[in-house]
Amino acid sequence: MSAPILELKELDVFYGPIQALKKVSMHINEGETVSLIGANGAGKSTLLMSIFGQPRAASGHIVYRGTDITRKSSHYIASNGIAQSPEGRRVFPDMTVEENLMMGTIPIGDKFANEDMQRMFELFPRLKERRNQRAMTMSGGEQQMLAIARALMSRPKLLLLDEPSLGLAPIVVKQIFATLRELAKTGMTIFLVEQNANHALKLSDRAYVMVNGQIRMTGTGQELLVNEEVRSAYLGGH
């Protein structure tokens with residue numbers, strides 16, 4: 001296995017007086033799909049946002065490709081190959097699909113924009129059909145596809161996905177995860193925060209379980225899928 005592309009070392013993160021993350025250590029190797037599962041409010045989204053410095057870690061280190069980025073600006077982080085598809089999609093509602101995709105090129109410039117836009121339309125055919133449509137008029141599933149595609153327009157070396165299945169119909173969730181599987185096959189490194197533990201673990205090479213801001217368990221996706229504790233807490237005992 002190649003060296004870690006991302007390492008979190010003893011990370012502490014606070015919101016005011018409340019500690020959201022406690023001594024979190026984990027790593028993601030290049031080319032891996034790693035997921036972080038846990039209950040709502042466990043600290044999963046906070047961990048993802050802290051990689052971009054919002055909120056900043058109070059102590060500990062975030063190391064990306066050998067460089068400590070704990071105190072780096074969000075712009076620096078985005079320009080150096082990390083992209084995030086945030087929770088709740090957060091597309092630009094008044095912009096068209098094409099305009100939203102172009103926003104994704106800001107960290108790297110538009111040199112590859114046309115080529116990459118065609119690639120997004122192959123990956124998400126629905127976006128091609130909606131290319132001139134304003135994002136606000138699209139379904140939740142289409143907006144989620146757009147949010148992921150926009151993140152990919154910056155040609156990231158590491159893709160962070162925050163709850164991509166949230167609020168979507170089961171059939172759309174299957175489509176989203178099928179696309180993520182295709183991305184993983186290309187060698188894309190993916191870090192997935194997801195409440196839908198079943199889909200996340202099936203997709204992942206490895207996974208971490210977060211409880212109250214701490215990593216409580218780790219293993220391969222398959223190991224955690226059959227783990228009794230995980231099954232009873234996050235898979236409804238299935």
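All values reported here derive from a predicted model rather than from experimental measurement.
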J.: Looking only at heavy atoms, which two atoms of Asn40 and Gln195 are closest? And how far apart?
T.: CB-NE2, 3.6 Å
J.: Is there side-chain contact between Tyr64 and Ile77, with heavy atoms separated by less than 4.5 Å?
T.: no
J.: With side-chain contact (heavy atoms from CB on, under 4.5 Å) as the test, would you mind laying out the steps for Lys157 and Ile5 before giving the verdict?
T.: CA-CA 9 Å; Lys157 294 176 176 66; Ile5 189 169; 4.1 Å; yes
J.: Under 3.5 Å, side chain of Asp205 to main-chain N/O of Thr33, donor-acceptor pair present?
T.: yes
J.: Any salt bridge between Glu98 and Arg130, counting N to O under 4.0 Å?
T.: no
J.: Atom CD of residue position Gln214 - does it have more than 12 heavy atoms of other residues, nucleotides or ligands inside 6.0 Å?
T.: yes
J.: Would you find more than 12 non-hydrogen atoms of other residues, nucleotides or ligands less than 6.0 Å from Gln133 atom CD?
T.: yes
J.: Report yes if the side chains of Glu87 and Pro164 come closer than 4.5 Å at any heavy-atom pair, otherwise no.
T.: no
J.: Between Met210 and Ile37, does a side-chain contact (heavy atoms from CB on, under 4.5 Å) hold up when you go through it step by step?
T.: CA-CA 6 Å; Met210 179 166 271; Ile37 65 169; over 6 Å; no
J.: Please report the closest heavy-atom contact between Phe14 and Ala58, naming both atoms and the distance.
T.: CD1-CB, 3.7 Å
J.: Taking Leu158 as the starting point, is it possible to reach Val193 by hopping between hydrophobic residues whose side chains are less than 4.5 Å apart?
T.: yes
J.: Side chains of Arg131 and Phe121: closer than 4.5 Å at any heavy-atom pair?
T.: yes
J.: Provide the full list of ring-ring contact (aromatic ring centres under 6.0 Å, His included) pairs with a residue in residues 134-172, sequence neighbours left out, each pair given once.
T.: none
J.: Using only atom types and a distance under 3.5 Å, with no angle test, would you say the side chain of Glu142 pairs donor to acceptor with the backbone of Ser139?
T.: yes
J.: With no hydrogens and no angle check, is any side-chain donor or acceptor of Thr179 less than 3.5 Å from a backbone partner on Gln175?
T.: yes
J.: Only one of Leu161, Thr189, Ile190 passes side-chain contact (heavy atoms from CB on, under 4.5 Å) with Leu183; say which it is.
T.: Ile190
J.: Hey, is the main chain of Glu223 close enough, under 3.5 Å, to the side chain of Asn227 for a donor-acceptor pair?
T.: no
J.: Do the side chains of Glu122 and Arg119 get close enough for a salt bridge, i.e. N-O under 4.0 angstrom?
T.: no
J.: With a 4.5 Å cut-off on side-chain heavy atoms, are Ile28 and Glu7 touching?
T.: no
J.: So, does Glu32 use its side chain to make a donor-acceptor pair with the main chain of Val34 at under 3.5 Å?
T.: no
J.: Do the side chain of Glu129 and the main chain of Arg126 share a donor and acceptor less than 3.5 angstrom apart?
T.: no
J.: At what distance, to the nearest 0.5 angstrom, does CG of Leu6 lie from CG of Asn29?
T.: 10.5 Å
J.: For residues Arg150 and Pro86, report the shortest heavy-atom separation together with the two atoms involved.
T.: NH2-CD, 4.1 Å
J.: Between Tyr208 and His27, is there a donor-acceptor pair closer than 3.5 Å when you use the side chain of the first and the backbone of the second?
T.: yes
J.: For the residue pair Asp110 / Thr105, report whether a side-chain donor-acceptor contact shorter than 3.5 Å exists.
T.: no
J.: Any chain of hydrophobic side-chain contacts (each under 4.5 Å) joining Met120 to Ile148?
T.: yes
J.: To the nearest 0.5 Å, what is the distance between CD on Glu30 and CE on Met188?
T.: 11.0 Å
J.: Less than 4.5 Å apart, side chain to side chain, heavy atoms only: is that true for Gln84 and Leu48?
T.: yes
J.: In the structure I gave you, are the side-chain heavy atoms of Leu224 and Met217 within less than 4.5 Å of one another anywhere?
T.: yes
J.: Between Ser35, Ser204, Ser165, which is the residue that forms a side chain to side chain donor-acceptor pair (under 3.5 Å) with Glu194?
T.: Ser165
J.: Which distance, rounded to the nearest 0.5 Å, do you find between the CG of Leu225 and the OG1 of Thr220?
T.: 8.5 Å
J.: Verify the cluster assignment for Leu180 and Ile171: are they in a single hydrophobic cluster under the rule of side-chain heavy atoms below 4.5 Å apart?
T.: yes
J.: Would the number of heavy atoms belonging to other residues, nucleotides or ligands and lying under 6.0 Å from NE2 of His61 be above 12?
T.: no
J.: Start with the C-alpha distance between Leu168 and Ile176, add both sets of side-chain angles, then the distance that settles side-chain contact (heavy atoms from CB on, under 4.5 Å), and finish with yes or no.
T.: CA-CA 10 Å; Leu168 301 182; Ile176 297 281; 4.2 Å; yes
J.: Closest approach of Ala83 and Ser154, non-hydrogen atoms and distance?
T.: CB-OG, 3.5 Å
J.: With sequence neighbours excluded, give me every side-chain hydrogen bond (donor to acceptor under 3.5 Å, both in side chains) pair touching residues 49-58.
T.: none
J.: Hey, could you give me the NZ/OG distance between Lys9 and Ser25, rounded to the nearest 0.5 Å?
T.: 9.0 Å
J.: Could you tell me if the side chain of Tyr76 sits less than 4.5 Å from the side chain of Thr67, heavy atoms only?
T.: yes
J.: If a pair satisfies ring-ring contact (aromatic ring centres under 6.0 Å, His included) and one of its residues is in residues 186-205, list it, with sequence neighbours excluded.
T.: Phe177-His199
J.: Between Leu152 and Leu123, is the side-chain contact (heavy atoms from CB on, under 4.5 Å) condition met? List the steps.
T.: CA-CA 11 Å; Leu152 290 169; Leu123 205 54; 3.8 Å; yes
J.: What verdict does the side-chain hydrogen bond (donor to acceptor under 3.5 Å, both in side chains) test give for Asn132 and Thr96, after you've listed the backbone C-alpha separation in whole Å, the side-chain angles of each residue and the deciding distance to 0.1 Å?
T.: CA-CA 5 Å; Asn132 298 313; Thr96 66; 5.6 Å; no
J.: Using 0.5 Å steps for rounding, measure from the CE atom of Met153 to the CG atom of Asn100.
T.: 11.0 Å
J.: Provide the closest heavy-atom pair for Asn212 versus Lys22 in the form atom of the first, atom of the second, distance.
T.: O-NZ, 3.4 Å
J.: Could you check whether Arg155 makes a cation-pi contact with Phe112, meaning its NZ or CZ is under 6.0 Å from the centre of the six-membered ring and within 45° of the ring axis?
T.: yes
J.: The test is side-chain hydrogen bond (donor to acceptor under 3.5 Å, both in side chains); show your working for Asp12 and Ser59 and say whether it passes.
T.: CA-CA 5 Å; Asp12 286 323; Ser59 61; 2.8 Å; yes
J.: Find the distance between CE (Met95) and CG (Leu101) and round it off to the nearest 0.5 Å.
T.: 11.5 Å
J.: Would you indicate whether Asn114, at its atom CG, is surrounded by more than 12 heavy atoms from other residues, nucleotides or ligands within a distance under 6.0 Å?
T.: no
J.: Are Val209 and Leu203 grouped together when hydrophobic residues (ILVMFWY) are joined by side-chain heavy atoms under 4.5 angstrom apart?
T.: no
J.: With clusters defined by side-chain heavy atoms of hydrophobic residues (ILVMFWY) lying less than 4.5 Å apart, directly or transitively, does Leu11 cluster with Val63?
T.: no
J.: Can you give me the closest heavy-atom contact between Ile82 and Phe52, atom names plus distance?
T.: O-CZ, 3.4 Å
J.: Run the salt-bridge test on Asp94 and Arg134 with the 4.0 Å N-O cut-off and return the result as yes or no.
T.: yes
J.: Taking Glu163 first and then Lys44, would you say they form a salt bridge - that is, a charged N and a carboxylate O separated by under 4.0 Å?
T.: yes
